[in-house]
Each structure stands twice: as structure tokens, then as C-alpha cells.
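Just so you know, residue 1 is the first one in the sequence shown, and it goes up from there.
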Amino acid sequence: MIRRGTRIRVIEAERIGAGSSGGHVGALAPHAPENWNAKKAFQLDSLLMAEDFWAGIGAASGLPTGYGRAGRAQPVADAAEAERLQERIAASIRQWPAHMTMRLTDRPTAPLFPHSPSGLWLEDGLTARINPRAALAALAAAIRAGGGEVVEGRVLHPQDIPGPALWATGVAGLEALSQDLGYAVGKGVKGQSALLRLDAGAAAQIFAGGLHIVPHEDGTVAVGSTSENDFTDDRTDAQLDDIIARARGICPLLADAPVIDRWSGIRPRAKSRAPLLGAWPGREGHFVANGGFKIGFGTAPKIAVVMADLLLDGVDAIPDGFRLA
């Protein structure tokens, strides 16, 4: 919105990065390309926009965002899985840019590469990564540099804001929206991750055993995360210890890497499993962007454009599957 000449104010109830966006992993990984649909197309558009988007944030703020498109490697279990992956590879060729598509290789480029029982790995050139905390700090600095205001440690009620206002308020926002509408639009899912000290350079990230193992440019590797539907608090626990042990088993180079930070947070998951975008029913001038869950950072560049078009110009380009009914 700042780029379009609009003055904005960001109001954060606690501090920048206090919620689910302040984790470690930052895996900007695409959905599987088969069974193509509007949600996958939206995410792809956003992933392709990300390089210019984050470069712009870095230039405006003078701070690093940790963005990089280094790709991803996944071990292949056996010959039968390699055969099944042919459909996925063919779909990536149909849907993704030619130089980013999936491929099978027996010589992975990722220095962290895990053991593969089949001797094969599935690689792609579309997957990227962001350093969540660095990216948030850069965003806040870019807003201030553009004449906007960032206020931390303040809670406002809807009646205190005349609008237009965009509520991107995570789990608390989903709860408020559910209460207002009289039905559940989503819920919180706990996630835990860890940050290890190991400089893997611009290595490709690993996805294996359900874990994301993501090298960052600041000499760290992030591992995560859990997806906990049942939890009693937002603190780290033994499940994170298991994540770290499994990551070390998958990537031997992590065996002696010290853990320098442990994180947990409650991520907002919409009931539709897609981001919730649109006008807040019954609140004139108020809008919602929520429910990003695991693809929030990946879809952020395009969500920013779509919501700016809606707030500033009244142009509604929200996909039906993302629409707040």
C-alpha cells in the first residue's frame, strides 16, 4: 500500500514477531503440482513474485530478509516411489516454470543431503526460504522508511478504528471472527521448531520424514515443525526434542550442531485449509487476512496485492476458495 502512495499504520498487540510468524523455519515450499487448483495456482504466483517482493523490502529497509531460492531435495524410499513420482514430475513440468521443475537425481546438490535408501533424490528449483525474524524486522523498517507507522504493545478494539482496517491477527483474530459470525472459521495449531548453529551456505533445504531442514544465510539451520491439534500451552516440550533428534538422524552434518534457540507458537489454520481473505461481515471498512497456517509467508506477496486492490480500489480478485463467506 505504501508503494501506491497510501499512508499506513501497523498496530501490533505485543511486538513484531511475537506470534506464529516469529518462528525459524521459513520454508517457501510449493504444494504438490498434481491435481492443480486455484489454491495451488495462487501460491505459485506468489512464490514467483517473492524474489522481487523481498528484494524491494530489503532495498527499502536496508536490512537483510534472508530470502533465497536455493531449491529442495527429498530422499526417495525405493523404486516404486520413484515410479510414482513420475506423475508429480510431469505435473511440475506442466505447471511450473521450466527451469524450476522437479527431477530425480542420483547426485543431489544439497550438502546436507540425507541418506536415500534408493540412491535417488527428488529435487526442485522452485522452493525458496525466508528468515522469518529478519524478514519481519525488514518489513517494519521498510514501513517506517516509507512514511508509515509501526506501533507495538497496543490493543485496539474495532470501534476504535474507523477504517479502512485490515485484521491480520492470527489465532486471536480467528477466535474473534468465529465469535462474531457464530460459527468456527478456524482454529490454532501448535508448532515447534529449533535453530541450530551450522553454516551450510546457500544450500538447498531438505524435506524428509515430514521435517523441513532449512539452511539460512546467517550460518544457522532451522528444523521443524510439529503440527499439534491438542495442546495445553504454547511452550516448547519433549516433542521438540524429538524433532531435533530426528533432524540429526536425517542429516549427519547436524549431529554436533548446537541448538541456539527453541520456539513454539500457535499458527492460525482456517477451516477451509486456505487463507481467509475479504471484508469482515457487518463491519464496514474492516477486512480480514488470516488463516495462512503453513503457507503464510509463501502467499504473502500476492495476498498483499489482492488486499491492497480490495481496500484501495474495491477490486475483488480473491479466489473463491479463499473467500470469507
Side-chain angles (χ1 to χ4, degrees), residues 10-29 46-47 50-51 53-70 127-146 148 150-153 168-172 188-203 205 211-227 234-236 240 243-244 247 254 257-268 289-290 292-301 303-304:
V10 175
I11 301 171
E12 166 58 53
E14 297 182 45
R15 57 177 173 77
I16 300 299
S20 61
S21 298
H24 305 116
V25 177
L28 307 181
S46 192
L47 292 174
E51 185 171 1
F53 177 86
W54 291 110
I57 297 300
S61 66
L63 297 174
T65 65
Y67 177 83
R69 181 175 284 128
T127 300
R129 53 106 172 99
I130 195 82
N131 184 317
R133 296 176 184 179
L136 292 174
L139 274 169
I143 289 168
R144 293 185 174 109
V150 179
V151 179
E152 298 180 84
T169 46
V171 172
V189 178
K190 183 178 178 179
Q192 302 187 53
S193 65
L195 198 64
L196 284 67
R197 176 66 65 191
L198 179 72
D199 190 350
Q205 62 187 265
L211 297 184
H212 293 279
I213 301 172
V214 182
H216 289 299
E217 64 181 11
D218 62 356
T220 63
V221 176
V223 299
S225 61
T226 62
S227 290
D234 62 356
R235 297 190 295 269
T236 60
L240 182 53
I243 290 280
I244 296 167
L254 293 175
V259 176
I260 59 174
D261 194 46
R262 297 162 63 94
W263 174 88
S264 69
I266 313 301
R267 297 169 295 184
N290 207 328
F293 192 34
K294 296 182 180 181
I295 62 171
F297 272 104
T299 54
I303 286 176

Report task. Could you go through the side-chain contact (heavy atoms from CB on, under 4.5 Å) check for I213 and V221 one step at a time? Result -> CA-CA 7 Å; I213 301 172; V221 176; 3.7 Å; yes
Report task. Before giving the answer on side-chain contact (heavy atoms from CB on, under 4.5 Å), spell out for L254 and V223 the whole-Å C-alpha distance, their side-chain angles and the decisive distance to 0.1 Å. Result -> CA-CA 10 Å; L254 293 175; V223 299; 4.2 Å; yes
Query raised in the report: How far apart are the C-alpha atoms of R197 and T220, what are their side-chain angles, what is the distance that settles it, and do they pass the side-chain contact (heavy atoms from CB on, under 4.5 Å) test?
Result: CA-CA 5 Å; R197 176 66 65 191; T220 63; 3.4 Å; yes
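The line from CD1 of I266 to OG of S20 is 9.0 Å long, rounded to the nearest 0.5 Å. In this structure, CD on E217 lies 7.0 Å from OG1 on T65, to the nearest 0.5 angstrom. The CG atom of D218 lies 7.0 Å from the CG atom of L195; values are rounded to the nearest 0.5 Å. One distance of note links OG of S193 with CD1 of I243; it measures 9.0 Å at 0.5 Å rounding. Of the inter-residue distances, the one linking R15 atom CZ with E152 atom CD reads 8.5 Å to the nearest 0.5 angstrom. Note that CZ of R262 is 10.5 Å distant from CG of L196, once rounded to the nearest 0.5 Å.
Taking 4.0 Å as the cut-off between side-chain N and carboxylate O, R133 and D261 count as a salt-bridged pair.
Counting only distance, with no hydrogens or angles, the side chain of H216 and the backbone of H24 share a donor-acceptor pair below 3.5 Å. Remark: side-chain polar atoms of R69 are not paired, donor with acceptor, to backbone N or O of A50 under 3.5 angstrom. The main-chain N or O of A168 is never found under 3.5 Å from a side-chain atom of N290 such that the two would form a donor-acceptor pair.
When all heavy atoms are compared, the tightest approach of G298 to S46 is O-OG, 2.8 Å. Contact record, Q205 with P215: CA-CD, 3.8 Å, taken as the closest heavy-atom pair. Shown here for F297 and L28, the closest heavy-atom pair between the two residues is CB-CD2, 3.7 Å. Among all heavy-atom pairs drawn from A202 and A70, the shortest one is O-CB, 3.5 Å. T236 approaches L240 most closely through the heavy-atom pair CG2-CD2, 3.8 Å. The two residues W263 and G191 have their closest heavy-atom pair at CZ3-O, 3.5 Å.
The only member of R267, K190, H212 that meets side-chain hydrogen bond (donor to acceptor under 3.5 Å, both in side chains) when paired with S225 is R267.
No side-chain heavy atom of N131 sits under 4.5 Å from any side-chain heavy atom of P64.
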